[in-house]
Asker: 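Here's a structure for you.
In this chain, numbering begins with 1 at the start of the sequence shown.
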Amino acid sequence: MENAPFTVQDLLQMPLFQGAKIISGHEGVANEIYYIDSMETPDLTGWLRPNELILTTGYSFRHDPNMLCLLLDEMHRVGGSAVGIKMRRYIQDIPQEAIYKSNIYKIPLFDIPLEIPFMDMTRSILDQILKRQAYMLRELQEVNQQFTNLVLNRRTTELVVLIGQLLHCEVAVLNQEEEIESSTAKFKKTDIAEKHNIRVGSRNFGYLSITRKLSEQDHFEQSCLDHAVTVLAIEFTIRQSQQLQLEREQEVFLVELLSGLNHEEELLRYRAKRLAIPQGPYIYVIVIKPFGRTTLDAEQIGRINNWMVREINTPRSITRKGVEVNGRVMILCSSVHKDIESQRRETEQYVQELLKKAIRLEEDLSLVCGVGGIVERLVNLSDSSREAQKALAIGEGSLPHQAVVHIHDVLIEQLLMDSADHPVLAVLTQTFITPLEAYDKEYGTNLLVTLEAFLRERNNTKRVAEELSIHRNSVLYRLERISEILKIDMNDAEVRLRLDLAIRFWKMKNVNRTTML
């Protein structure tokens with residue numbers, strides 16, 4: 001048969017070799033012959049190949065027949081097929097050690113009739129080898145064509161089935177996380193015998209796993225496997241190209257939504273569905289900013305932001321899509337809850353999960369997040385986006401210990417910021433803030449900080465002392481000094497309201513308003 005391998009047994013059945021006699025290594029008669037060479041020099045290393053037949057007159061080891069043992073050692077190392085020797089030309093007997101090694105290695109030694117010229121033997125054997133190789137090449141060309149057609153027509157499942165039929169085993173394609181993307185019907189991970197990387201350049205996209213260890217001697221199966229890995233690399237390249245195109249379109253669309261470009265709601269819904277953008281029933285925006293105990297430089301922030309965008313936009317994520325805008329990661333979130341507390345819990349849980357993974361990138365990393373209000377229409381998403389940016393910017397100044405700041409947490413601060421030029425705020429600042437700033441600067445005290453903590457902790461002096469790491473009596477003393485300097489009664493509710501407004505306005509003096517535009 002054309003597709004059958006050409007073996008030592010086939011060689012000995014050729015008319016030209018009818019007089020050949022196997023001396024030893026009978027168990028290796030099924031060894032396939034893929035190459036043929038003659039040996040008449042004592043050099044044994046560097047040129048032998050797997051599945052190679054060696055023909056020799058014995059001239060190179062006529063004075064030292066034990067060199068035949070070294071030849072067998074080297075052939076065993078590379079996977080050689082057999083050795084044919086013209087006995088009684090230069091050597092009369094085969095050493096017992098060579099016979100022993102031939103049997104152990106299953107590399108047949110056979111006697112070649114003296115009258116057969118090497119040229120005739122070589123030509124006859126090459127005819128058989130080339131006939132086999134030509135057939136295999138035709139088969140591989142057909143297989144490769146089938147593989148390529150299935151990949152180009154995006155029929156990966158059929159491709160995997162075909163690979164399984166050719167290799168006579170169960171087959172699966174695994175992604176980078178070793179999750180099964182496509183497999184034959186009876187494939188089980190526990191049965192994997194071989195796993196081959198699917199690479200494009202230096203990047204590994206996944207694995208082709210099979211449940212049978214292929215013989216190195218079966219060149220057709222090995223070639224089929226190589227072709228399969230190559231076309232699967234093409235499949236992954238096509239996927240990557242399509243994914244990059246989708247990500248670019250998603251990024252452009254998200255930027256449009258967040259910036260509030262005018263579009264019809266129906267058109268936005270259609271584009272969102274086509275691009276797999278979350279769209280309901282309730283949607284909102286969160287903005288995340290990374291920071292550390294030491295100031296992060298632009299390169300560190302960029303690396304962390306890029307990682308977060310990739311993590312947010314994993315194919316498994318169906319409720320969130322993120323994009324980096326002006327150095328901030330902005331995330332469109334979809335929820336089934338409309339109330340603020342559920343929205344806050346969802347956000348806090350997600351930010352914590354994200355931080356657990358992100359902390360591997362940078363030691364002492366933290367994340368602060370601003371949350372916009374819920375909307376039901378994509379056309380209104382830009383409102384939630386602006387609110388999230390306001391919450392983040394105001395929260396950094398007025399709520400420095402709060403990792404997740406909802407827009408409803410800073411409603412008063414928004415009002416004060418929008419009224420920043422109002423004369424009443426100037427009077428409150430002049431009356432309650434300026435005297436304490438002057439006193440702190442002159443005497444090196446922290447009265448303003450103490451007052452801010454006192455109002456934020458709802459007059460709880462014990463918690464103020466713990467936060468500022470001072471004795472409670474020190475807190476009471478500072479509050480007494482504040483009352484004396486401002487000439488006020490701290491127990492007066494009206495006074496505390498004015499102080500609270502003044503302090504909130506003071507805390508926003510360093511808020512970067514450009515981040516909220």
Asker: If you look only at distance, which donor and acceptor atoms sit under 3.5 Å apart when one is on a side chain in residues 448-455 and the other is two or more places apart or in another chain?
Answerer:
residue : atom : partner : partner atom : Å
Thr450  : OG1  : Asn446  : O            : 2.7
Thr450  : OG1  : Arg478  : NH1          : 2.8
Glu452  : OE1  : Arg456  : NH2          : 3.1
Glu452  : OE2  : Arg456  : NE           : 2.8
Glu452  : OE2  : Lys507  : NZ           : 2.8

Asker: Looking at Val405, is its backbone amide N or carbonyl O close enough to the side chain of Asp409 to form a donor-acceptor pair, meaning the two atoms are under 3.5 Å apart?
Answerer: no
Asker: Compare every heavy atom of Lys321 with every heavy atom of Ile312, then report the nearest pair and how far apart it is.
Answerer: CG2-C, 4.0 Å
Asker: Who passes salt bridge (charged side-chain N to carboxylate O under 4.0 Å, His left out) against Glu341, sequence neighbours left out?
Answerer: Arg344
Asker: If a pair satisfies side chain to side chain donor-acceptor pair (under 3.5 Å) and one of its residues is in residues 159-170, list it, with sequence neighbours excluded.
Answerer: Glu170-Thr184
Asker: Please enumerate all residues that pass side-chain hydrogen bond (donor to acceptor under 3.5 Å, both in side chains) together with Gln352, with sequence neighbours excluded.
Answerer: none
Asker: Applying ring-ring contact (aromatic ring centres under 6.0 Å, His included), can you list everything that pairs with Tyr439, at least two apart in sequence or on another chain?
Answerer: Tyr443
Asker: Working to the nearest 0.5 Å, report the span between CG of Leu246 and CZ of Arg274.
Answerer: 8.5 Å
Asker: Which heavy atom in Val309 sits nearest to a heavy atom in Val323, and how many Å separate them?
Answerer: CG2-C, 4.2 Å
Asker: Under the 6.0 Å and 45° cation-pi test, does Arg199 pair with Phe205?
Answerer: no
Asker: Could you go step by step and tell me if Val336 and Tyr282 meet the side-chain contact (heavy atoms from CB on, under 4.5 Å) rule?
Answerer: CA-CA 6 Å; Val336 295; Tyr282 307 111; 5.6 Å; no
Asker: Going by salt bridge (charged side-chain N to carboxylate O under 4.0 Å, His left out), name the pairs with one or both residues in residues 179-190, residues two or more places apart or in two chains.
Answerer: Glu181-Arg239
Asker: Write down the atom of Ile407, the atom of Gly372, and the distance for their closest heavy-atom approach.
Answerer: CG2-C, 4.2 Å
Asker: Once you round to the nearest 0.5 Å, how far does OG1 of Thr445 lie from CG of Leu436?
Answerer: 8.5 Å
Asker: Quick check: are there more than 12 heavy atoms from other residues, nucleotides or ligands sitting under 6.0 Å from CD1 of Ile318?
Answerer: no
Asker: side-chain contact (heavy atoms from CB on, under 4.5 Å), that's the test. Do Val368 and Phe291 meet it? Break it down for me.
Answerer: CA-CA 8 Å; Val368 62; Phe291 69 95; 3.8 Å; yes
Asker: Grab the two heavy atoms, one from Leu232 and one from Leu208, that are nearest each other, plus how far apart they are.
Answerer: CD1-CD1, 3.9 Å
Asker: Rounded to the nearest 0.5 Å, how far does CD1 of Ile394 lie from CD of Glu387?
Answerer: 10.5 Å
Asker: Counting only N and O atoms by type, is there a donor-acceptor contact under 3.5 Å from the side chain of Ser259 to the main-chain atoms of Glu256?
Answerer: yes
Asker: Are the side chains of Ile283 and Ser335 in contact, using a 4.5 Å heavy-atom criterion?
Answerer: no
Asker: Cut-off 3.5 Å, side chains only: do Ser342 and Asp339 have a donor facing an acceptor?
Answerer: yes
Asker: Please check if atom CD in Gln176 has more than 12 non-hydrogen atoms from other residues, nucleotides or ligands closer than 6.0 Å.
Answerer: yes
Asker: Please name all residues satisfying side-chain contact (heavy atoms from CB on, under 4.5 Å) with Asp297, sequence neighbours left out, ordered by chain then number.
Answerer: Glu299, Gln300
Asker: Measure the spacing between CD1 of Ile210 and CG of Asp191 and express it to the nearest 0.5 Å.
Answerer: 12.5 Å
Asker: Less than 4.5 Å apart, any side-chain heavy atom of Val371 and any of Ile340?
Answerer: no
Asker: Which heavy atom of Ile374 sits nearest a heavy atom of His337, and at what distance?
Answerer: CD1-O, 3.5 Å
Asker: Taking the side chain as every heavy atom from C-beta outward, state whether Met330 and Ser385 have any pair of such atoms under 4.5 Å apart.
Answerer: yes
Asker: Can you confirm whether the side chains of Arg248 and Gln245 place a donor and an acceptor under 3.5 Å from each other?
Answerer: yes
Asker: Sorted by first residue and then second, give each salt bridge (charged side-chain N to carboxylate O under 4.0 Å, His left out) pair with at least one member in residues 495-504; sequence neighbours left out.
Answerer: Glu413-Arg504, Glu494-Arg498, Asp500-Arg504
Asker: Is the backbone N or O of Thr237 less than 3.5 Å from a side-chain atom of Ser241, with the two atoms forming a donor-acceptor pair by type?
Answerer: no
Asker: Does Gly206 offer a backbone N or O that forms a donor-acceptor pair with the side chain of Asn175 under 3.5 Å?
Answerer: no
Asker: Going by atom types only, do Asn313 and Gln250 share a side-chain donor-acceptor pair under 3.5 Å?
Answerer: no
Asker: Go through it in stages, so that I can follow the logic: the residues are Ile192 and Phe187, the test is side-chain contact (heavy atoms from CB on, under 4.5 Å), and I'd like the CA-CA distance, side-chain angles, deciding distance and then a yes or no.
Answerer: CA-CA 8 Å; Ile192 292 177; Phe187 177 85; 3.6 Å; yes
Asker: Indicate yes or no for a side-chain donor-acceptor contact from Glu457 to the backbone of Asn459 under 3.5 Å, with no hydrogens or angles considered.
Answerer: no
Asker: Do the side chains of Lys356 and Glu353 get close enough for a salt bridge, i.e. N-O under 4.0 angstrom?
Answerer: no
Asker: Between the side chains of His406 and Gln343, does any donor sit under 3.5 Å from an acceptor?
Answerer: yes
Asker: Tell me whether Thr461 contacts the main-chain N or O of Val475 through its side chain, where contact means a donor paired with an acceptor under 3.5 Å.
Answerer: no
Asker: Please say whether more than 12 non-hydrogen atoms of neighbouring residues, nucleotides or ligands are located less than 6.0 Å from CD in Glu484.
Answerer: yes
Asker: Give a yes or no on whether the backbone of Ala172 and the side-chain of Ser182 come within a donor-acceptor separation of less than 3.5 Å.
Answerer: no
Asker: Tell me, please, which residues at least two apart from Tyr105 pass ring-ring contact (aromatic ring centres under 6.0 Å, His included).
Answerer: His76
Asker: Go through the structure and list residues passing salt bridge (charged side-chain N to carboxylate O under 4.0 Å, His left out) with Arg212, not counting sequence neighbours.
Answerer: Glu221
Asker: Please report the shortest heavy-atom distance between Gly327 and Ile301, naming the atom on each side.
Answerer: O-CG2, 4.4 Å
Asker: Consider only side-chain N and O atoms of Glu324 and Asn305, and report whether a donor and an acceptor are under 3.5 Å apart.
Answerer: yes
Asker: Give, for atom CG of Asn460 and atom CD of Glu467, the distance between the pair rounded to the nearest 0.5 Å.
Answerer: 11.0 Å
Asker: Using the side-chain hydrogen bond (donor to acceptor under 3.5 Å, both in side chains) criterion, which residues pair with His408? Sequence neighbours excluded.
Answerer: none
Asker: Any side-chain heavy atom of Trp307 sitting closer than 4.5 Å to one from Leu354?
Answerer: yes
Asker: Would you mind writing out the side-chain donor-acceptor pairs for residues 375-382 within the sub-3.5 Å range, not counting sequence neighbours?
Answerer:
residue : atom : partner : partner atom : Å
Glu376  : OE2  : Lys338  : NZ           : 3.1

Asker: If you round to the nearest 0.5 Å, how far is CG of Asp492 from OG of Ser483?
Answerer: 11.0 Å
Asker: Can you find a side-chain donor-acceptor pair between Ser209 and Glu194 that sits under 3.5 Å?
Answerer: no
Asker: Assess the residue pair Ile412 and Leu416 against the criterion (side-chain contact (heavy atoms from CB on, under 4.5 Å)); give the C-alpha distance rounded to whole Å, side-chain angles, the decisive distance to 0.1 Å, and a yes or no.
Answerer: CA-CA 6 Å; Ile412 294 175; Leu416 295 174; 4.1 Å; yes
Asker: I'd like to know whether CG of Asn473 has more than 12 heavy-atom contacts from other residues, nucleotides or ligands below 6.0 angstrom.
Answerer: yes
